[in-house]
Amino acid sequence: MAPHAPTFATPVDGDLTEVAALEEPLRRIWCSTRATVELGELMFDGYPRYAPGQLAAPDVADPAVTGISEMPVIHGPDDWRAMTTRLRMVLEDPRQLLSGCVTDFAVRQLVEAGNDPAKVVVPGLDGVTYPTDL
C-alpha cells in the first residue's frame with residue numbers, strides 16, 4: 001500500500017493503540033487498491049493479466065502470453081494488444097500509474113522523430129477521420 005498509507009511509530013512496550021487507530025484508513029486504501037485490480041479483470045478480459053514475477057519486458061504479440069509482470073513491448077502505434085494490456089496492468093498492479101502507461105513508447109517515438117512532435121503518431125487520434133458536421 002506504500003506510498004499511500006499513513007505510517008506509525010514502532011509500538012513501545014506492546015502498545016498497539018496507534019497501530020489500531022490506523023486500521024480504518026488502511027482498510028480504505030486496501031479496498032480501493034483491490035477494487036481496481038478487480039476492475040482490470042472485468043474490463044480487459046482476454047488480454048494478458050498482471051502476474052508478479054513471471055516475465056521481464058514481455059511480448060504479448062504471442063497469444064500464448066497470458067500473464068505479465070512488467071509493461072509489455074509496444075511494437076508500433078497500431079499495437080493495440082500491447083497498449084490495452086498495459087491499461088489492464090495499470091489497474092491490476094498498484095505499482096503502476098496511468099500516466100506511465102505509454103510514456104516510454106511516446107518518448108521513443110519522439111527520439112526516433114528527431115524530437116519533432118509533428119512526426120509522432122498518436123495512437124487512436126492520427127489516421128482517424130472524424131466527422132466535421134456535428
Side-chain angles (χ1 to χ4, degrees):
M1 293 188 296
H4 310 290
T7 60
F8 53 86
T10 302
V12 177
D13 298 325
D15 180 6
L16 297 176
T17 306
E18 189 178 353
V19 176
L22 290 175
E23 181 178 1
E24 184 180 336
L26 290 174
R27 284 184 183 273
R28 273 195 310 255
I29 292 170
W30 171 251
C31 288
S32 294
T33 301
R34 186 68 202 157
T36 64
V37 169
E38 293 172 8
L39 181 63
E41 184 176 353
L42 292 171
M43 286 181 66
F44 300 115
D45 185 40
Y47 289 90
R49 67 181 180 83
Y50 168 68
Q54 288 189 354
L55 297 172
D59 187 344
V60 296
D62 177 356
V65 175
T66 59
I68 58 172
S69 61
E70 300 301 328
M71 290 290 186
V73 175
I74 299 175
H75 293 286
D78 295 320
D79 191 355
W80 290 105
R81 180 171 167 82
M83 288 185 273
T84 304
T85 297
R86 282 176 169 226
L87 286 173
R88 180 173 181 172
M89 183 173 177
V90 164
L91 287 173
E92 295 179 347
D93 178 5
R95 303 174 303 158
Q96 305 300 329
L97 299 173
L98 181 59
S99 60
C101 192
V102 293
T103 302
D104 60 319
F105 175 68
V107 169
R108 188 176 77 223
Q109 277 200 99
L110 191 57
V111 169
E112 290 171 359
N115 211 26
D116 182 352
K119 295 179 182 176
V120 172
V121 176
V122 180
L125 297 177
D126 288 354
V128 176
T129 304
Y130 295 95
T132 56
D133 58 341
L134 296 176

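One hydrophobic cluster holds both Phe44 and Val65 under the rule that ILVMFWY side chains link at heavy-atom gaps under 4.5 Å. In the hydrophobic clustering of this structure, Ile68 does not group with Phe105; members are Ile, Leu, Val, Met, Phe, Trp, Tyr whose side-chain heavy atoms approach within less than 4.5 Å, directly or through other members. When the side chains of ILVMFWY residues are joined at heavy-atom separations under 4.5 Å, either directly or via intervening members, Leu22 and Leu16 end up in a single hydrophobic cluster.
The nearest pair of heavy atoms linking Ala82 to Val73 is CB-O, 3.3 Å. Counting all heavy atoms, side chain and backbone alike, Cys101 lies closest to Asp104 at O-OD1, 4.3 Å. When all heavy atoms of Glu92 and Tyr50 are compared, the pair lying nearest together is OE1-N, 3.0 Å.
One distance of note links CG of Asp45 with CZ of Arg88; it measures 6.5 Å at 0.5 Å rounding. Ser32 OG to Arg27 CZ: the interatomic distance, rounded to the nearest 0.5 Å, is 13.5 Å. In this structure, the separation between CG on Asp93 and CD on Glu70 is 7.5 Å, given to the nearest 0.5 Å. To the nearest 0.5 angstrom, Tyr47 atom OH is 9.5 Å from Leu87 atom CG.
A donor-acceptor pair under 3.5 Å is formed between the side chain of Asp59 and the backbone N or O of Ala61.
Considering Arg81, Met89, Arg86 as possible partners of Pro48, the one that fulfils the side chain to side chain contact (heavy atoms under 4.5 Å, CB included) test is Arg81.
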Task: Stepwise side-chain contact (heavy atoms from CB on, under 4.5 Å) test for Gln96 and Met71 - done: CA-CA 9 Å; Gln96 305 300 329; Met71 290 290 186; 3.5 Å; yes
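When the side-chain hydrogen bond (donor to acceptor under 3.5 Å, both in side chains) test is applied to Glu38, the partners found at least two apart in sequence or on another chain are Arg34.
Annotation: side chain of Pro6 is in contact with side chain of Leu26 (closest heavy-atom distance under 4.5 Å).
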Show me the side-chain donor-acceptor pairs of residues 110-130 shorter than 3.5 Å, one per line, residues at least two apart or across chains.
residue: Asp116; atom: OD1; partner: Ala118; partner atom: N; Å: 3.0
residue: Asp126; atom: OD2; partner: Val122; partner atom: N; Å: 2.9
residue: Tyr130; atom: OH; partner: Gly124; partner atom: O; Å: 2.8

